[in-house]
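So that the names make sense, note that chain A is the first sequence line, chain B the second, and so on, each numbered from 1.
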There are 2 protein chains.
Amino acid sequence: MNTTTKIRTYSISDLAKEFDVTTRTIRFYEQQGLLNPTRQGQTRIYSPKDRVRLMLTLRGKRLGFSLAESKELFDMYDSTTEGDEKQLLYMLNILEKKQADMRQQLRDIQRLQEELNNAEDRCLEALNKVRSGKRQKQKAG
Amino acid sequence: MNTTTKIRTYSISDLAKEFDVTTRTIRFYEQQGLLNPTRQGQTRIYSPKDRVRLMLTLRGKRLGFSLAESKELFDMYDSTTEGDEKQLLYMLNILEKKQADMRQQLRDIQRLQEELNNAEDRCLEALNKVRSGKRQKQKAG
DNA sequence: ATTTTCCTTTACGTAAACGTAAACCTTGAT
DNA sequence: ATCAAGGTTTACGTTTACGTAAAGGAAAAT
């Protein structure tokens, strides 16, 4: 059996299109240590791992993570296999904090969703009033 | 009956302490049109409404809203009572978009929570390995 | 052959959200 | 009276996350 499997690769514009970001953004993420494409000549070649990282980075952004924070998590995740005790405890600490953040965000979102619904209701109501007002005017006119 | 009720007020540092932000931040939010304190001489006096807006602004921030977006929502919310049809439809449009954002964020968070749990498991497992390794060494030593 | 089409690097520019410092009131406590 | 604690304005500085332009290499289409 052959253990060397051919792996899909992506160009920078492949990824840019798929995730709707500019190539500038992708190069910037590399510069910040979030992606590690190989080179063919001077052209960047992205692996599925890079693709996943890009995906995670963007999701992190939506959740208010800075690029530095995402990088930190990636680095830690990579190092867990060979991590020493101190490292691991540190990572557990960070993970705990992130989870607390996420719980807070979950509450925030649920509240905001309620409020958006209320606002929508109020808005629809006001719209009805405006429209029934218009009808009265039409009758009168 | 007296309709003029005395209303609680807050100083800038009251709010700064309560929400753990600097006074600079609070003044900046005023400058951006998010807060509207009255003045006593030149000193700012904040109403409960200001307090709520500060709270909402900060929550918005946690959810990735820009100050401009929060202001937009506040302004629209204030104007709904007297809003004309175009205004109202516009606001409904925005509200719909925000809700879509929130649904996306909800999914993001749930996924991230799963992954954080996985990472934590991996981490704890690695930690156990490290520690059982240590015990072996102690025995041997 | 030359014109697109992608890709590259280098580097300055920018918007958002404050930080920070200077320079100045005012007011209650010592 | 003076001094510390809190308030003010003005204004320049800083970080993050890219945008944008210049200047060019390589390959594929016309």
Side-chain angles (χ1 to χ4, degrees), chain A residues 8-47 50-51 53-75 98 101 105 108, chain B residues 8-47 50-51 53-75 94 98 101 104-105 108:
Chain A
R8 252 216 83 171
T9 62
Y10 308 85
S11 76
I12 193 166
S13 52
D14 285 346
L15 293 182
K17 271 174 207 159
E18 179 174 359
F19 294 104
D20 194 32
V21 295
T22 66
T23 57
R24 173 68 177 95
T25 298
I26 294 179
R27 288 193 201 98
F28 182 72
Y29 288 177
E30 176 184 353
Q31 195 181 319
Q32 301 305 305
L34 290 158
L35 305 176
N36 251 323
T38 58
R39 300 290 179 123
Q40 202 165 83
Q42 68 170 3
T43 301
R44 292 167 171 85
I45 308 288
Y46 297 87
S47 70
D50 288 314
R51 187 175 159 279
R53 287 204 162 195
L54 177 53
M55 194 163 55
L56 291 175
T57 303
L58 295 173
R59 196 179 66 196
K61 275 198 56 181
R62 288 197 298 272
L63 295 175
F65 285 54
S66 73
L67 299 183
E69 284 177 319
S70 290
K71 176 176 157 51
E72 202 184 355
L73 285 173
F74 291 161
D75 289 352
K98 292 294 172 198
D101 275 10
Q105 280 209 34
D108 285 345
Chain B
R8 251 215 83 170
T9 62
Y10 308 86
S11 75
I12 194 165
S13 51
D14 285 346
L15 293 182
K17 271 174 207 159
E18 180 173 359
F19 295 105
D20 194 31
V21 295
T22 66
T23 59
R24 173 69 177 95
T25 298
I26 295 179
R27 289 192 200 98
F28 182 73
Y29 287 178
E30 176 183 353
Q31 195 181 320
Q32 302 305 305
L34 290 158
L35 304 176
N36 250 322
T38 58
R39 299 292 178 122
Q40 203 167 83
Q42 68 170 4
T43 301
R44 291 168 171 84
I45 309 288
Y46 296 87
S47 69
D50 288 313
R51 187 175 159 279
R53 286 203 161 196
L54 177 54
M55 194 163 53
L56 291 174
T57 302
L58 295 173
R59 195 180 66 198
K61 275 198 56 183
R62 287 197 300 271
L63 295 175
F65 285 55
S66 73
L67 298 183
E69 284 177 318
S70 290
K71 176 177 158 49
E72 203 183 356
L73 285 174
F74 291 161
D75 289 352
I94 302 265
K98 291 296 171 196
D101 275 10
Q104 174 64 40
Q105 281 210 32
D108 285 344

Atom pair CZ/CD of A:Arg44 and A:Gln42 - distance to nearest 0.5 Å: 8.5 Å

DNA chain C: 5'-most and 3'-most nucleotides touching chain A, 4.0 angstrom heavy-atom criterion: C:dC6 to C:dA11

Spacing of B:Leu67 atom CG relative to D:dT16 atom P, expressed in whole Å: 18 Å

B:Glu72: salt bridge (Lys or Arg N to Asp or Glu O under 4.0 Å) partners, not counting sequence neighbours: none

Minimum heavy-atom distance B:Leu34-B:Arg53, with the two atoms named: O-CD, 3.3 Å

Residues in contact with DNA chain D, drawn from residues 13-27 of chain B - heavy-atom cutoff 4.0 Å: B:Ser13, B:Arg24, B:Arg27

Residues in contact with DNA chain D, drawn from residues 29-36 of chain A - heavy-atom cutoff 4.0 Å: A:Tyr29

Spacing of B:Gln40 atom CD relative to D:dG7 atom C1', expressed in whole Å: 12 Å

Strand-adjacent residues in residues 55-62 of chain A, judged by heavy atoms under 4.0 Å from DNA chain C: none

Backbone N/O of A:Leu63 and side chain of A:Gln105: donor-acceptor pair under 3.5 Å: yes

Residues that B:Ser66 engages under side-chain hydrogen bond (donor to acceptor under 3.5 Å, both in side chains), provided they are two or more places apart: none

Residues in side-chain hydrogen bond (donor to acceptor under 3.5 Å, both in side chains) contact with B:Lys61, at least two apart in sequence or another chain: none

Gap separating the CD1 atom of A:Ile26 from the CD atom of A:Gln31, nearest 0.5 angstrom: 14.0 Å

Distance-only side-chain donor-acceptor flag, B:Asp108 / B:Gln104, under 3.5 Å: yes

Which residues share a side-chain hydrogen bond (donor to acceptor under 3.5 Å, both in side chains) with B:Thr38, sequence neighbours left out: none

Any residue meeting side-chain hydrogen bond (donor to acceptor under 3.5 Å, both in side chains) with B:Ser47, in chain and number order, not counting sequence neighbours: B:Asp50

D:dT9 OP1/OP2 closer than 4.0 Å to side-chain N/O of B:Arg39: yes

Spacing of A:Glu69 atom CD relative to D:dT16 atom P, expressed in whole Å: 11 Å

Mind listing the side-chain donor-acceptor pairs of residues 9-20 of chain B below 3.5 Å, one per line with the distance, residues two or more places apart or on another chain?
{"residue": "B:Ser11", "atom": "OG", "partner": "B:Ser13", "partner atom": "N", "Å": "3.4"}
{"residue": "B:Ser11", "atom": "OG", "partner": "B:Ser13", "partner atom": "OG", "Å": "3.2"}
{"residue": "B:Ser11", "atom": "OG", "partner": "B:Asp14", "partner atom": "N", "Å": "3.1"}
{"residue": "B:Ser11", "atom": "OG", "partner": "B:Asp14", "partner atom": "OD1", "Å": "3.4"}
{"residue": "B:Ser11", "atom": "OG", "partner": "B:Asp14", "partner atom": "OD2", "Å": "3.4"}
{"residue": "B:Asp14", "atom": "OD2", "partner": "B:Ser11", "partner atom": "N", "Å": "3.0"}
{"residue": "B:Glu18", "atom": "OE1", "partner": "B:Arg51", "partner atom": "NE", "Å": "3.1"}
{"residue": "B:Glu18", "atom": "OE2", "partner": "B:Arg51", "partner atom": "NE", "Å": "3.1"}
{"residue": "B:Glu18", "atom": "OE2", "partner": "B:Arg51", "partner atom": "NH2", "Å": "2.7"}

Counterpart residues, salt bridge (Lys or Arg N to Asp or Glu O under 4.0 Å), relative to B:Arg39 (two or more places apart): B:Glu30

By side chain to side chain contact (heavy atoms under 4.5 Å, CB included) - contacts of A:Lys98 (at least two apart): A:Phe65, A:Glu69, A:Leu73, A:Ile94, B:Leu116

